[in-house]
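In what follows, a single structure is set out as structure tokens and then discussed.
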Amino acid sequence: HRGKSAVVKLEDIGFLEVVETRAASMTPGKISYCEWIITARCNFACPYCNRLEPRGVQDPDLSQVREFCGILAAMNCRYVHLTGGEPTVRQDLGEIVRIIRDHGMRVGISTNGSRPTQRYLDLVDAGVELFSISLDTHDRAQNPQFAGVRGVFDQVVENIRVLSTKRSCSLANNLAV
């Protein structure tokens with residue numbers, strides 16, 4: 001790798017061409033997938049994260065969620081993936097999931113997995129079909145360096161263990177090695 005830059009430009013590997021080709025083939029007014037930053041708030045302080053700056057931006061309220069879900073449904077959206085920040089800091093997340101489901105769309109969530117297990121089980125009951133959980137290291141001692149908080153490793157591991165047994169949802173794990 002001598003003489004090669006450590007930074008790869010997307011245009012140099014054809015990524016932008018793929019994106020442009022896909023965009024050109026889309027039917028106007030139709031989407032099948034939406035990744036929605038439902039909050040900028042987070043209970044972690046990961047040093048690598050591109051933290052969103054909420055600067056006066058409020059989380060959408062439930063009436064705004066209903067309105068946006070109506071727009072997505074009218075555009076034939078089939079799947080909504082909630083992300084953030086950390087979606088589980090929203091107390092009304094279960095209701096948001098139900099609203100999305102009531103509009104005929106499937107729901108997944110990206111999460112740091114640190115909340116009490118019952119929180120995730122309630123979200124499964126509300127209709128979440130996929131959890132993408134970040135466990136930034138397999139080493140308990142190193143975890144605080146990645147998460148920016150202490151004492152969450154065992155809870156995240158337990159949530160991965162419990163959710164992996166649920167037949168009604170899938171689990172993806174993001175692990176830095």
Side-chain angles (χ1 to χ4, degrees), residues 10 15-16 18-46 48-136 147 152 155-156 159-160 162-174:
L10 295 178
F15 179 82
L16 297 179
V18 172
V19 171
E20 290 167 355
T21 301
R22 286 185 183 161
S25 68
M26 290 180 66
T27 305
K30 301 286 183 190
I31 61 170
S32 60
Y33 172 91
C34 173
E35 187 153 333
W36 187 357
I37 298 172
I38 199 71
T39 185
R41 295 177 290 139
C42 186
N43 58 331
F44 276 21
C46 304
Y48 59 83
C49 185
N50 294 325
R51 294 183 69 86
L52 302 170
E53 295 293 332
R55 290 183 227 160
V57 175
Q58 299 293 317
D59 292 345
D61 63 34
L62 293 179
S63 67
Q64 292 169 317
V65 169
R66 280 185 197 88
E67 181 181 356
F68 186 61
C69 285
I71 292 167
L72 290 174
M75 295 176 75
N76 204 32
C77 184
R78 302 274 189 244
Y79 178 82
V80 176
H81 195 86
L82 301 174
T83 186
E86 170 54 38
T88 63
V89 300
R90 288 198 59 150
Q91 295 303 309
D92 59 355
L93 187 59
E95 182 62 23
I96 291 169
V97 169
R98 284 186 283 280
I99 291 169
I100 294 168
R101 297 290 297 184
D102 288 348
H103 281 84
M105 295 174 284
R106 298 170 58 212
V107 185
I109 295 177
S110 288
T111 177
N112 58 36
S114 67
R115 309 298 274 193
T117 303
Q118 190 59 51
R119 178 77 164 128
Y120 298 99
L121 296 175
D122 291 345
L123 290 168
V124 170
D125 290 343
V128 174
E129 296 180 39
L130 171 75
F131 288 96
S132 178
I133 297 179
S134 296
L135 180 63
D136 295 320
V152 297
Q155 183 67 57
V156 175
N159 287 333
I160 291 170
V162 169
L163 289 171
S164 70
T165 67
K166 295 295 172 194
R167 295 190 191 277
S168 60
C169 76
S170 297
L171 181 67
N173 177 242
N174 305 314

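Note that the numbering runs from 1 along the sequence shown for the chain. Every value quoted in this text rests on a predicted model; they were computed, and no experiment measured them.
The line from CG of Leu93 to CD1 of Ile38 is 7.5 Å long, rounded to the nearest 0.5 Å. We find the CD-CD distance between Gln64 and Gln58 to be 9.5 Å, quoted to the nearest 0.5 Å. Taking CZ of Arg98 as the start and CG of Asp92 as the end, the distance is 10.0 Å to the nearest 0.5 Å. For the atom pair CG of Leu130 and OG of Ser110, the computed distance is 7.5 Å after rounding to the nearest 0.5 Å. To the nearest 0.5 Å, the span separating CG on Asn76 from CE on Met105 amounts to 10.5 Å. Summarising the geometry, atom CD belonging to Gln91 is positioned 5.5 Å from atom CZ belonging to Arg119; distances are rounded to the nearest 0.5 Å.
Few gaps surround CD on Glu95; more than 12 heavy atoms of other groups in view lie less than 6.0 Å from it.
The two residues Leu82 and Pro87 come nearest to each other via the heavy atoms O-CG, 3.8 Å. The two residues Ile100 and Cys69 come nearest to each other via the heavy atoms CG1-SG, 3.5 Å. Here the closest heavy-atom approach between residue Ala126 and residue Gly94 is recorded as CB-O, 3.8 Å. Ser32 and Cys77 make their closest contact through O-SG, 3.8 Å (heavy atoms, listed as atom of the first residue, atom of the second, distance).
For the pair Leu163 and Ile133, the minimum side-chain heavy-atom distance is below 4.5 Å. Counting heavy atoms from C-beta on, the side chains of Lys166 and Leu121 come closer than 4.5 Å. Contact of the Val152 side chain with the Asn43 side chain is not registered, since no non-hydrogen atoms from C-beta on lie closer than 4.5 Å.
For the ring-ring contact (aromatic ring centres under 6.0 Å, His included) test, residues two or more places apart in sequence or in another chain that qualify with Phe68 are Trp36.
A donor-acceptor distance shorter than 3.5 angstrom exists from the side chain of Glu86 to the backbone of Asn112, with no hydrogens or angles considered.
Partner of Thr39 under the side chain to side chain donor-acceptor pair (under 3.5 Å) criterion, out of Thr88, Asp59, Thr83: Asp59 alone.
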>> Pair Asn159, Thr117 - check side chain to side chain donor-acceptor pair (under 3.5 Å), show working.
In response: CA-CA 6 Å; Asn159 287 333; Thr117 303; 2.6 Å; yes
> Going through the checks in order, is the side chain to side chain donor-acceptor pair (under 3.5 Å) test met by Glu129 and Ser170?
Replying inline: CA-CA 6 Å; Glu129 296 180 39; Ser170 297; over 6 Å; no
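Pairs engaging residues 92-129 under the ring pair (Phe, Tyr, Trp, His ring centres under 6.0 Å) rule: Tyr120-Phe131 [sequence neighbours left out]. The salt bridge (Lys or Arg N to Asp or Glu O under 4.0 Å) pairs that include a residue from residues 107-118 number zero, where partners must be two or more places apart or lie in different chains.
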